Amino acid sequence: MTFADVRLNISGASVSRGDRIIVDDFSLSVKSKDLVWLRGTNGVGKTSLLRIAAGLARPDTGEITRTFGGAVVTAPQITAFQGHRDAVKPSLSVYENLVFWARLSGRSETVDRALLKVGLTGREGQKAGTLSAGQIRRLALAQLWVSQKPLWIMDEPAAAIDLSGQAVIDDLIAEHIAGGGAIILASHAAPPQRAGIRFVTLHAPEEARL
Amino acid sequence: MIALTLRDIKLAMRSSGAWLHGVLFLVVFTVLSVIALGADKTVLATLGPALIWLAVVFSLLLSFEKGLTEDARDGTLEQLYLSAMPLSALAASKLLSQWILIVLPLLIVTPFIGYGFGMELPEIKGTLLALVIGTPALLVYGTFASACLISYRSNGLLLILLTVPLMIPTMIFGLDASDGYAAGGVFDKSFQALAGLSLLAVGLGIPAIAAALKTHLETS
Amino acid sequence: MITWLANPLRFARFAKYAAPIFAVTAIVCIGFGLWQGLFVSPAEQYQGDSVRIMYVHVPSAWIAMMAYSMIAVSGFISYVWRHHLADYLGRACALPGTAFTLLALVTGSLWGSVTWMTYWEWDGRMTSFLVLLFIYIGYMSIWAVMEDKKRASRIAGLVAMVGAINLPIIKFSVDWWDDTLHQKATISSPGAPGLGPEFLTPLLLMTVGFTCLFAWMVITCVMTEILKARKRAAARKATDRPATVTIETSE
């Protein structure tokens, strides 16, 4: 899978939670083959920034532009989002869960390949409700993959996942980047050893210094 | 859009009969009304349309919450939004699946309840037709209110408070149509008013529900 | 006028002069109106002294409806332009609006107790006012239960707009119900046309007085909200420390 040139440009975004401004004047531009790794302590605003990047939330101020192959596009046209909530229905089987999302993007033939990639082959008929937390996360990653979108926004992809699952994530990421996709992810896990990862670290204001 | 409707129906079918709760409520309500009013069929037959409308409205008020909250809580809503499905299409699809899952079972049961009340056939037909035309409006109001309150957890009473004022016109025209059918048929003035109201509710309700869903996504 | 007032600073300057003017006008008009209504104007031919309730009832009902229209308009402005002042205005109208709706219902019921011989008659007007009261309570509940004020403002705006579209339909349907479904004793609605000037003078005075009283309440409420917001913003400047951002690229 190769993608046309994709760009996301956030400039001067400020984010508030309740009455407090937690991130002010944040700018980031992401293009094809970029891997942006967002780091910071809990509550510093990583998830809020990811939701803004995914087009799910609006910043209080600031501009966001997205282009794909040179044309201005909306967030849903280019973005796939993997968040804390997995959008997995426990009463549907693994296959039924996945094929629904694949059909929404018009590509139901990708389902088997997705299952192979995340290591869930052989569990197609199993109810998602009987999967372990780590397996559900794998299914969520497969849902991300079948959407075939160029920009991935991933919030803690490695939560509840084991070592081989971590390898699955690293492979998915490497393949997506190589195909011309772009990724913004937030994770506490150790980053893979590779060049060109852009680490964006949010430092919480330290109370001790006050 | 149809895919989403079908999936919702499939999910409901696997929910071990939760979609039948509305019908169960309708039957319980009917039995209790008969006990409260006495089993005199002449009394019951005159009050029949009103009792059926009340039972349907209350049953719907209890069922509205299910439709959207589940999808909002497990992240399905944000994924649907990012799948480039317009929120208005999502709203329309939800309305359709809710009508099939919640309203249709009620409509199937009402003729039997009407018979139980000793209502005449034209009266039963009138009530049923008025319900078919009027329930989309009721559904839109309830879905709008539940979309507004998605992120607020214990929302039962507030949902009723927001929905009931909107439901009043539909109930009034619906009851009038139920009674008017025997005299004027489906071309009775009250039927026209009811149909107009339903169309208006669906037409304006879909963008309103979409707007409420958008607000939920933006602020969660 | 509206866009001119949309700036909180200008609104504050306007409020500084407008609030006392409205307050004084309200006191003068209501005082003079009460004196006119209770002592100067004659008892009505058929209803006797009970007609004097009209001087409170009719202005209250008018304010109840105007307040809701203002909520709907500010809901629209807040939803489309995300303007804070519109939110303050909508919220400020809600409580006085509810109070005047209640007052209209209570005075209507008292008036009915004399002219219709019952405290409550399910007639079209009283029923629609009861529904209006529900709508007010629903609108206020949204502000009350939603912790996130950004969300509350959007949802309240939507609910206010939907309510505004439906109010005329509710009114129309309840009148229909009153005429056809609901067989009531034929009672003439009080406040019949052709009121003489001796009744109109106190009614007009009270209406102007109530409107000014309402305007004064709303302006005061909005000013309180503006001041609170300013205080919050000042406190925020002192304590808020947004995260600092560093960017590095792995070799």
Side-chain angles (χ1 to χ4, degrees), chain A residues 15-18 47-48 50-60 66 68 73-93 96-108 127-129 136-137 139-140 143-144 146-149 151-153 155, chain B residues 1-21 66-94 96-98 101 147 150-153 210-220:
Chain A
V15 184
S16 63
R17 186 180 296 143
T47 298
S48 305
L50 288 178
R51 291 185 70 85
I52 286 170
L56 288 169
R58 299 161 41 105
D60 293 348
R66 300 176 176 85
F68 185 46
V73 289
T74 62
Q77 286 174 292
I78 55 164
T79 316
F81 177 73
Q82 172 262 307
H84 295 298
R85 291 173 291 195
D86 291 309
V88 167
K89 295 286 182 193
S91 62
L92 297 182
S93 72
E96 285 168 328
N97 264 301
L98 196 52
V99 82
F100 172 74
W101 297 109
R103 273 195 196 129
L104 275 188
S105 32
R107 294 186 182 81
S108 51
K127 288 269 168 70
I136 288 181
R137 184 41 64 93
L139 180 52
Q143 289 177 359
L144 179 81
V146 294
S147 70
Q148 307 277 318
K149 299 272 183 67
L151 175 63
W152 286 3
I153 313 283
D155 195 359
Chain B
M1 192 189 127
I2 295 297
L4 180 59
T5 305
L6 291 175
R7 184 175 187 246
D8 281 337
I9 292 170
K10 192 192 268 179
L11 281 169
M13 291 303 138
R14 293 196 188 165
S15 65
S16 50
W19 58 285
L20 280 171
H21 289 180
K66 288 177 211 151
L68 291 165
T69 31
E70 192 61 24
D71 277 356
R73 279 170 201 167
D74 68 13
T76 302
L77 208 56
E78 51 198 31
Q79 293 299 341
L80 286 172
Y81 173 66
L82 285 179
S83 76
M85 174 188 273
L87 286 174
S88 48
L90 201 163
S93 155
K94 282 283 166 191
L96 184 61
S97 57
Q98 294 289 293
L101 287 168
I150 276 183
S151 34
Y152 171 60
R153 284 198 177 236
L213 291 176
K214 181 95 175 120
T215 300
H216 167 74
L217 286 174
E218 277 178 358
T219 54
S220 64

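Just so you know, these numbers use all the heavy atoms, side chains as well, and skip hydrogens, waters and symmetry mates. Treat the numbers as computed from the prediction; the structure is a model and nothing was measured. Every chain is numbered from 1 and lettered A, B, ... according to where its sequence line falls, protein lines coming before strand lines.
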*asked:* Quick one, Arg7(B) with Asn97(A), criterion side chain to side chain contact (heavy atoms under 4.5 Å, CB included). Give me CA distance, side-chain angles, the key distance, then yes/no.
replied: CA-CA 10 Å; Arg7(B) 184 175 187 246; Asn97(A) 264 301; 3.7 Å; yes

*Begin from the C-alpha positions of Lys10(B) and Leu92(A) and carry the test side chain to side chain contact (heavy atoms under 4.5 Å, CB included) through to its verdict.*
CA-CA 9 Å; Lys10(B) 192 192 268 179; Leu92(A) 297 182; 3.7 Å; yes

*Determine, stepwise, if the pair Leu80(B) / Trp101(A) fulfils side chain to side chain contact (heavy atoms under 4.5 Å, CB included).*
CA-CA 9 Å; Leu80(B) 286 172; Trp101(A) 297 109; 3.8 Å; yes

*Check the pair Lys89(A), Arg14(B) against side chain to side chain contact (heavy atoms under 4.5 Å, CB included), reporting the backbone distance first and the verdict last.*
CA-CA 11 Å; Lys89(A) 295 286 182 193; Arg14(B) 293 196 188 165; over 6 Å; no

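Heavy atoms of Ala72(B) lying under 4.5 Å from chain A belong exclusively to its backbone. Residue Ser105(A): no heavy atom, backbone or side chain, is found under 4.5 Å from chain B. The part of Phe100(A) that comes within reach of chain B is its side chain, from C-beta onward, which places non-hydrogen atoms under 4.5 angstrom from that chain. Using a 4.5 Å cut-off between heavy atoms, Leu4(B) touches chain A through backbone and side chain atoms alike. Only the side chain of Glu96(A) has a heavy atom closer than 4.5 Å to any heavy atom of chain B.
Highest contact tally toward chain B, considering only Arg58(A), His84(A), Gln82(A), is held by Arg58(A) [criterion: heavy-atom pairs under 4.5 Å].
Once rounded to the nearest 0.5 Å, the distance linking CZ of Arg85(A) with OG1 of Thr76(B) reads 9.5 Å. How far CZ of Arg51(A) is from OG1 of Thr219(B): 9.0 Å, rounded to the nearest 0.5 Å. The distance from atom CG of Leu82(B) to atom CG of Leu104(A), rounded to the nearest 0.5 Å, is 11.5 Å. With rounding to the nearest 0.5 Å, the separation of NZ in Lys149(A) from OG in Ser83(B) is 6.5 Å.
For the residue pair Ala84(B) and Pro76(A), the shortest heavy atom distance occurs at CA-CB, 3.7 Å.
The environment of CD in Glu218(B) is crowded: more than 12 heavy-atom neighbours from other residues, nucleotides or ligands sit within 6.0 Å.
With sequence neighbours left out, Ile136(A) forms a side chain to side chain contact (heavy atoms under 4.5 Å, CB included) with Asp86(A), Val88(A), Leu131(A).
Formation of a donor-acceptor pair under 3.5 Å by the Gln79(B) side chain with backbone atoms of Phe81(A) is found in this model.
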